[in-house]
Each structure stands twice: as structure tokens, then as C-alpha cells.
Amino acid sequence: MRIDVLSIFPNMFTPMRESIMGKVIERGLVEFNVIDFRDYTDNKHNNVDDVVYGGGQGMLLMPQPIFDALAHVEAEAGNRGRVILLDPAGKTFNQAMAEELAHEEHLTFIAGHYEGYDERIRELVTDEISIGDFVLTGGELGAMTVIDATVRLLDEALGDEMSAVDDSFSTGLLEYPQYTRPADFRGLKVPDVLLSGHHANIDRWRKKESLRRTYHRRPDLLENYAFTPEEHKLLNEIKAEEKE
């Protein structure tokens, strides 16, 4: 996979060279480039923003530097890839979108700053994404969030190929509780079923606790969830236990 990011603050992406992202770059699974689109301005002051036509607060990113920076990406890579604009008005990012993006060969992110974008920049864009209903100073943190969630789903990105499958949201439910040694830490004990070695019972417990956690913390996820007959039974057990 190739990932290009257009930003005027390229140093903000230094942490992307660490952890899982750093490892996939080192192993050649991902080619990661950050392009400072200020380098593509055609005005003598190297400005990338200007005042708003018709009046208004703040400054808008001008189209020219971004158009030319993206043309550079296209010339170098042979295509623009899927062009993603980080914008509060975009579609809210979720795990399903990360799974979709993980199948792409080339992703290009536009991380804006200031008050917003000249509307003509959207002509370049295939997807507009928001990471939530709040406002950040710029799109860099949003781009990093989307990239991290996407890259970890690539084949061979994680040490255990089942890790991503078992993550919260990948199954549509929150992840079940997990424990490690010691079995008894200051009186806080690991559930007996996990020490039993009975895999069928352990699987059932994990499904039930995943449902329980989702039922308590994110009941909205259950509204459109496709329950299996066993999961329906487990949820009914949970509800009955709550009434006791």
C-alpha cells in the first residue's frame, strides 16, 4: 500500500514512524510519504491561504497549492489513489470504513488547516471523512487516526493475524474482558472459566461478556446487529441476570 499525506505541518507525522506503523514501513508493507503542499505555492510569499470572498472570519486554503501537490503525487505514483479529505462535514469514520480502506492500494490524505478549504478542492476528492463531532486545529490528527486504524488491518501488520479480527467493533460488538498472570492479583481474581482449559465454555463466556459489555456501554451497536440464535439466548440471560 502507498499512503501520501498533503499537509503544511509534515513534522506532525513523525510519530507515524513508531509502533505498528513504523514496523510496516520498515518491512515494506507500506510506503508512507508526507508532502508539504506549501512547497507547491506559486506566489512569492509562499502563502497557502487567503481571505474569503464575500467576507467572513478566518482564512481559507487556496486551491492552487493542493492541486499542484496532488499532481505531483499522481505523476510520481501513476495515480492519485483514493483521495480523502479530512473535514468535519465528512462521513463519520468507523471500523467498517477502515476495513474498506485497507483493501486499497493507494490512499492520499489532504490534511487542511485554518478556517477550511476553497470549495474547488473538493473536486479532487473521492471521500470526505470526519473522526467525530468536534473541531480540531487541523486535519493532521484525523489523518493519523484513519491511517493507523487502516494500516493495522493489513495482512501481516499485526503479529497475531487474529488480533484485528477480535478487536472491538470488528465483530460489531465491544471486546470481552481479558486477563493475564497472575491469576490472583491483590485479591482480584481471573474468572474461573478462563483457567478451566475448557475451550467451548471459554468461547461461550467470551461471547456473553462481549454482549454484556456492549449492552451496558454501547447499546446503540445492538440496534442493527445480526444476532445468532446463541447470541439471542445469551443476551436474554444477561437481561434476566440484571433483574435479579
Which is it for E242 and K239 under the salt bridge (charged side-chain N to carboxylate O under 4.0 Å, His left out) test, yes or no, and what are the steps along the way?
CA-CA 5 Å; E242 298 294 318; K239 291 178 178 180; over 6 Å; no
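- Residue pairs meeting the salt bridge (charged side-chain N to carboxylate O under 4.0 Å, His left out) criterion with at least one member in residues 186-199, sequence neighbours excluded, do not occur.
- Electrostatic pairing of D4 and R80 does not count as a salt bridge here, judged by no charged N lying under 4.0 Å from a carboxylate O.
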Is there a side-chain contact (heavy atoms from CB on, under 4.5 Å) between I66 and L124 once you walk through the steps?
CA-CA 9 Å; I66 292 178; L124 304 170; 4.1 Å; yes
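- The environment of CD in Q178 is crowded: more than 12 heavy-atom neighbours from other residues, nucleotides or ligands sit within 6.0 Å.
- Note on F9: it does not cluster hydrophobically with M59, by side-chain heavy-atom contacts below 4.5 Å among ILVMFWY residues.
- Around the CG atom of D184, the shell of radius 6.0 Å holds more than 12 heavy atoms that belong to other residues, nucleotides or ligands.
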Passes salt bridge (charged side-chain N to carboxylate O under 4.0 Å, His left out), R82 versus E100? Steps please.
CA-CA 11 Å; R82 193 159 169 178; E100 179 184 338; 2.5 Å; yes
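- The cluster map of Ile, Leu, Val, Met, Phe, Trp and Tyr, joined by side-chain heavy atoms under 4.5 Å apart, puts I202 and L234 in different clusters.
- Between M97 and N94, the closest side-chain pair of non-hydrogen atoms falls below 4.5 Å.
- Environment of CG in D203: crowded, with over 12 heavy atoms of neighbouring residues, nucleotides or ligands closer than 6.0 Å.
- Each of V52 and M62 belongs to its own hydrophobic cluster when Ile, Leu, Val, Met, Phe, Trp and Tyr are linked at side-chain heavy-atom distances under 4.5 angstrom.
- In this structure, L174 CG and R218 CZ are separated by 7.0 Å, a value rounded to the nearest 0.5 Å.
- Between the N47 side chain and the D49 main chain, no donor and acceptor come within less than 3.5 Å of each other.
- Taking the side chain as every heavy atom from C-beta outward, F13 and F32 approach each other to under 4.5 Å.
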What's the verdict on salt bridge (charged side-chain N to carboxylate O under 4.0 Å, His left out) for K91 and D127, showing C-alpha distance, side-chain angles and the deciding distance?
CA-CA 8 Å; K91 185 176 180 181; D127 302 86; over 6 Å; no
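- Side-chain contact check for L173 versus L222: some heavy-atom pair is nearer than 4.5 Å.
- Grouping the Ile, Leu, Val, Met, Phe, Trp and Tyr side chains by contacts below 4.5 angstrom, directly or via other members, places L60 apart from L85.
- One finds a salt bridge joining E241 and K208 here, because a Lys/Arg side-chain nitrogen approaches an Asp/Glu carboxylate oxygen to under 4.0 Å.
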Show your working on side-chain contact (heavy atoms from CB on, under 4.5 Å) between T228 and K207 and close with a plain yes or no.
CA-CA 11 Å; T228 65; K207 287 179 183 178; over 6 Å; no
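- Note that CD1 of I84 and CD1 of I110 are 10.0 Å apart. Values are rounded to the nearest 0.5 Å.
- A salt bridge does not link E209 with R206: every distance from a Lys NZ or Arg NE/NH1/NH2 to an Asp or Glu carboxylate oxygen is 4.0 Å or more.
- Using a 3.5 Å distance cut-off with no hydrogens or angles, the side chains of H232 and E237 do not pair a donor with an acceptor.
- Using a 4.0 Å cut-off between charged nitrogen and carboxylate oxygen, E175 and R213 do not count as a salt-bridge pair.
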Decide yes or no on salt bridge (charged side-chain N to carboxylate O under 4.0 Å, His left out) for E128 and R122, but give the supporting numbers first.
CA-CA 9 Å; E128 296 183 26; R122 299 184 197 276; 2.8 Å; yes
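- To the nearest 0.5 angstrom, R212 atom CZ is 16.0 Å from Y176 atom OH.
- Heavy atoms from other residues, nucleotides or ligands lying under 6.0 Å from OH of Y53 number 12 at most.
- Nearest heavy-atom pair, D87 versus A89, reported as atom, atom and distance to 0.1 Å: OD2-N, 2.8 Å.
- Checked by atom type and distance alone, the side chain of S196 pairs as donor or acceptor with a backbone atom of V193 at under 3.5 Å.
- By the 4.5 Å heavy-atom criterion applied to side chains, P63 and Y117 are not counted as neighbours.
- Across all non-hydrogen atoms, the minimal contact from L6 to A69 is CD2-CB, 3.8 Å.
- Note: F109 CZ to L101 CG = 6.0 Å, rounded to the nearest 0.5 Å.
- Here the shortest heavy-atom pairing between T214 and L221 reads CG2-CB, 3.9 Å.
- Taking CG of L86 as the start and CD1 of I131 as the end, the distance is 7.5 Å to the nearest 0.5 Å.
- Linking ILVMFWY side-chain heavy atoms closer than 4.5 Å, directly or via other members, places W205 and I238 in two distinct hydrophobic clusters.
- Side chains of D39 and H72: no donor on one and acceptor on the other come within 3.5 Å.
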Working for side-chain contact (heavy atoms from CB on, under 4.5 Å), residues L61 and F37:
CA-CA 11 Å; L61 288 174; F37 60 84; 4.1 Å; yes
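- When atom types are taken as modelled, the side chain of R38 and the backbone of N46 share a donor-acceptor pair closer than 3.5 angstrom.
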Hey, can you pull the donor-acceptor pairs under 3.5 Å for the side chains in residues 19-28, sequence neighbours left out?
unit_1	atom_1	unit_2	atom_2	d
R27	NH1	E156	O	2.9
R27	NH2	E156	O	2.9

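- Of all heavy-atom pairs spanning H106 and A77, the tightest one is CE1-CB, 3.7 Å.
- Side chains of Y225 and E231: a donor-acceptor N/O pair is present below 3.5 angstrom, by distance only.
- When all heavy atoms are compared, the tightest approach of G90 to S130 is O-CB, 3.7 Å.
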Evaluation steps, side-chain contact (heavy atoms from CB on, under 4.5 Å), between I3 and E31:
CA-CA 6 Å; I3 298 176; E31 179 186 349; over 6 Å; no
For residues 136-150, tabulate all N or O donor-acceptor pairs below 3.5 Å that involve a side-chain atom, not counting sequence neighbours.
unit_1	atom_1	unit_2	atom_2	d
E140	OE1	H113	ND1	3.1
E140	OE2	S7	OG	2.7
T145	OG1	L141	O	2.9
T150	OG1	V146	O	2.8

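- When N79, I35, V83, V5 are each tested for a side chain to side chain contact (heavy atoms under 4.5 Å, CB included) with V73, only one passes: I35.
- Remark: D118 CG to D50 CG distance equals 9.5 Å, nearest 0.5 Å.
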